[in-house]
Amino acid sequence: MNWWYKILEALPFEWAQEGQMIFMKNALLAIILLTPVFALLGTMIVNNGMAFFSDALGHGAFTGVAIGGLLGLAEPIGSAVAFSVIFAFLITIIRHKSKMAGDTVIGVFSSSAIALGIFLATLGGKSFTKLNSYLVGDILSIAPREIGFLAIVLGIVLIFWFFVFNRLLLVSINPSLAGSRGINTFWYEVVFSCAVAVIVTVSMSWIGLLVINSFLVLPAAAARNIARSQRQYHLLAVVFSLLSGVAGLILSYSFETATGSTIVLISSAIFFTTWFVRKRFA
Amino acid sequence: MTETRFHNHDACRQGCCGLCCTKIEDFGVTIGSTVILKNVNLHIHCGELTAIIGPNGAGKSTLIKALLGEIPHTGTLKFVQYDNGLLKAPVMGYVPQSLNLDTTSPTSVLDLFLACRSKYPAWLIRRKREVYKVKEQLDRVNAGHLLSRRLGALSGGELQRVLLALALDPVPEILLLDEPVSGIDQNGLELFYETVSELRNAYDLSIILVSHDLDMVRRYADRVVLLNKTVLMAGTPEEVLNSDVFFDTFSLRWQKEKRGKGGTAL
């Protein structure tokens with residue numbers, strides 16, 4: 001990590017000086033890794049109208065954490081990933097097999113998951129407060145080892161993304177058209193849902209369950225206002241997410257606020273700005 | 001019903017009448033407890049444009065979706081080539097009725113094509129050679145100028161031609177077209193039918209077209225299938241569009257009477 005600290009010393013910030021505020025430097029690296037991956041997957045979530053779905057995945061991940069706690073695991077992240085992948089898989093199957101409206105299915109799952117999570121977490125009179133960190137998130141507490149783990153998971157998701165993007169795009173444009181070209185739409189939806197479940201779960205404790213969905217949806221929604229092709233859409237989403245991530249971290253330091261929510265507020269400001277100028281790009 | 005030519009698959013099993021043909025045998029679709037299609041038997045030759053007509057809810061679009069394998073069905077689809085080797089899965093081209101696309105979607109025509117033909121993400125890698133080929137394909141249907149337009153900004157007719165070009169890449173053996181009910185002006189429709197007609201001759205395709213425009217069907221189709229839950233009648237446009245079954249199905253009784261008095265039919 002020393003190379004990273006050396007680079008940052010060139011910056012004119014108080015916290016960036018040698019030996020100062022290592023946690024800020026760690027957090028900055030984590031944000032630079034996290035936000036672009038969220039933005040890329042977010043473009044497809046917005047294409048497919050799955051914003052509510054990705055929100056529900058966070059709830060599933062929370063239940064996974066509670067189950068992990070119950071099993072006495074020191075690091076509940078493993079059980080959280082497992083549970084939220086199963087959760088994503090179930091929602092996708094039921095959405096496909098039943099004629100019920102998608103948001104109803106998601107609503108049912110989402111509320112059941114969060115209720116189960118709270119039930120398990122408080123079972124036997126335990127206090128809920130230790131789980132608060134998952135709700136609000138604390139990127140400043142991330143350690144180099146955890147950044148390494150995050151980098152590996154995000155790298156795997158990116159490689160996967162590289163190979164399935166075209167087919168997912170086609171499925172999102174028209175499932176019948178995709179089917180006529182030999183694409184098994186159901187399995188692509190499942191795989192995509194699982195990828196989103198994985199990144200939401202591994203990032204949840206740093207960003208916070210309450211705002212994590214906006215990391216996925218807001219940059220893409222803002223980019224969509226002014227983009228005219230997939231290339232512009234993706235590049236803009238990545239730029240917006242990096243910009244709000246880095247600016248949000250620095251501002252949260254000045255204002256002494258929670259980092260996750262500061263980042264989201266900047267993303268929303270970008271969204272409304274692009275929304276007002278969208279007609280010039282139409 | 002004397003003119004009805006129900007396809008008899010025992011007679012046809014011996015061989016094909018042309019270079020290749022498609023046999024739809026005993027197709028049926030039931031969703032829940034509702035029978036949508038039953039006993040559909042059709043024999044479609046390549047190089048022919050077969051139009052499927054029928055009233056609303058006749059199961060026309062369902063038939064297309066069943067042929068694509070998108071909804072479960074009974075019966076079989078056989079694609080037979082001239083040497084009578086049975087091809088299990090013919091290459092299908094499909095032009096959907098509409099994309100149901102969010103009109104704000106930042107997807108250009110080029111994105112759509114690259115997503116279909118390139119291995120690499122359409123937004124990340126655009127190789128010149130690929131872009132050139134896409135342009136060529138669009139030119140075939142007079143849509144080359146639409147290359148970098150957004151899908152949501154195309155008119156109904158333009159979108160239809162773009163989707164047609166897409167369905168021809170790679171060149172299919174069976175081309176399934178689901179014509180939109182609305183949103184295309186008369187000129188656009190004319191151009192679309194002319195393009196499809198040219199393609200039929202140029203590539204020797206089996207074309208199955210769900211149509212709502214009986215005038216176009218009369219002018220361009222080689223064969224017409226009248227569908228309402230099952231095949232009511234199949235034959236040349238002349239035969240089908242002047243038959244009693246046709247008039248009854250479309251409730252055009254006044255036309256029938258007019259014809260009876262020596263007037264000209266529709």
Side-chain angles (χ1 to χ4, degrees), chain A residues 36 39-41 43-44 46-50 96-99 158-186 188 220-238 274-275 278-279 281-282, chain B residues 31-32 61-62 64-71 89-126 147-153 159 162-163 166-167 169-170 172 174-178:
Chain A
L40 287 180
L41 293 197
T43 57
M44 193 58 73
V46 176
N47 277 349
N48 290 346
M50 287 166 69
H96 250 265
K97 301 285 174 207
S98 90
K99 298 241 183 307
L158 274 188
I159 292 170
F160 148 83
W161 192 236
F162 187 84
F163 289 106
V164 300
F165 172 79
N166 280 351
R167 281 165 222 147
L168 282 173
L169 178 64
L170 214 52
V171 172
S172 82
I173 292 172
N174 188 301
S176 303
L177 187 64
S180 77
R181 305 189 80 90
I183 297 171
N184 188 327
T185 52
F186 171 68
Y188 273 93
R224 204 179 175 85
N225 279 335
I226 54 177
R228 299 182 57 195
S229 69
Q230 287 294 322
R231 172 167 283 184
Q232 289 174 6
Y233 184 34
H234 284 76
L235 293 182
L236 283 170
V238 168
T274 55
W275 192 79
R278 72 190 189 286
K279 294 232 165 81
F281 295 87
Chain B
I31 295 177
S61 292
T62 305
I64 296 277
K65 291 202 166 160
L67 290 175
L68 283 170
E70 196 185 322
I71 40 181
V91 181
M92 300 259 204
Y94 171 53
V95 179
Q97 200 170 43
S98 71
L99 281 182
N100 288 327
L101 188 80
D102 171 2
T103 51
T104 65
S105 172
T107 310
S108 67
V109 173
L110 178 63
D111 288 328
L112 177 64
F113 274 82
L114 288 183
C116 286
R117 49 180 301 148
S118 169
K119 283 192 296 248
Y120 311 110
W123 63 274
L124 189 64
I125 296 169
R126 292 177 179 173
L147 187 70
S148 52
R149 289 268 296 280
R150 238 167 24 83
L151 288 177
L159 182 62
V162 166
L163 292 175
L166 190 69
D169 169 33
I174 302 175
L175 182 60
L176 302 169
L177 304 151
D178 204 346

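Order of the sequence lines sets the chain letters (A, B, ...), proteins ahead of strands, with each chain counted from 1.
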* **Region of B:P172 in contact with chain A, defined by heavy-atom distances below 4.5 Å** => neither
* **Point-to-point distance, once rounded to the nearest 0.5 Å, from CD of A:Q232 to CZ of B:R150** => 10.5 Å
* To do: Identify which part of B:S118 has an atom lying under 4.5 Å from any heavy atom of chain A, answering side chain, backbone, both or neither.
  => both
* B:R149, part contacting chain A, at a heavy-atom distance under 4.5 Å -> neither
* Asked: Of all residues at least two apart in sequence or in a different chain, which pass the side-chain contact (heavy atoms from CB on, under 4.5 Å) check with A:R167?
  -> A:I183, A:Y188
* Measure across B:R126 and A:S229 and return the closest heavy-atom pair with its distance rounded to 0.1 Å. => NH2-OG, 3.6 Å
* Asked: More than 12 non-hydrogen atoms from neighbouring residues, nucleotides or ligands closer than 6.0 Å to OH on B:Y120, yes or no?
  -> no
* B:L175 CG to A:S180 OG distance, which is reported to the nearest 0.5 Å -> 10.0 Å
* Contact origin within A:L236 toward chain B - heavy atom pairs under 4.5 Å -> neither
* Should A:R224 and B:D102 count as an ion pair when the cut-off is N to O under 4.0 Å? -> yes
* **Partners meeting side-chain contact (heavy atoms from CB on, under 4.5 Å) with B:P121 (sequence neighbours left out)** => A:F162, A:F165, B:W123, B:L124
* Structure fact -> Taking every heavy atom of B:A115 against every heavy atom of A:L169, the minimum-distance pair comes out as CB-CD2, 3.8 Å
* Is a donor on one side and an acceptor on the other found under 3.5 Å between the side chain of A:N174 and the backbone of B:S98? -> yes
* Heavy-atom pairs under 4.5 Å with chain A, option from B:S105, B:P106, B:P96 with the top count -> B:P106
* To do: For each of B:L99, B:L67, B:V95, B:L68, tally heavy-atom pairs with chain A at distances under 4.5 Å, and name the one with the top tally.
  => B:L99
* To do: Please assess B:S108 against A:R228 for the test side chain to side chain contact (heavy atoms under 4.5 Å, CB included), listing each intermediate value before the final yes or no.
  => CA-CA 7 Å; B:S108 67; A:R228 299 182 57 195; over 6 Å; no
* Asked: Can you tell which of A:I173, A:T43, A:V164, A:L168 has the highest number of heavy-atom pairs within less than 4.5 Å of chain B?
  -> A:I173
* side chain to side chain contact (heavy atoms under 4.5 Å, CB included) between B:L166 and A:L177, worked out -> CA-CA 10 Å; B:L166 190 69; A:L177 187 64; 3.8 Å; yes
* To do: Given side chain to side chain contact (heavy atoms under 4.5 Å, CB included), test A:N166 with B:L114 step by step and report yes or no.
  => CA-CA 8 Å; A:N166 280 351; B:L114 288 183; 5.8 Å; no
* Asked: Would a 4.5 Å heavy-atom cut-off, applied to side chains only, mark B:C116 and A:R181 as touching?
  -> yes
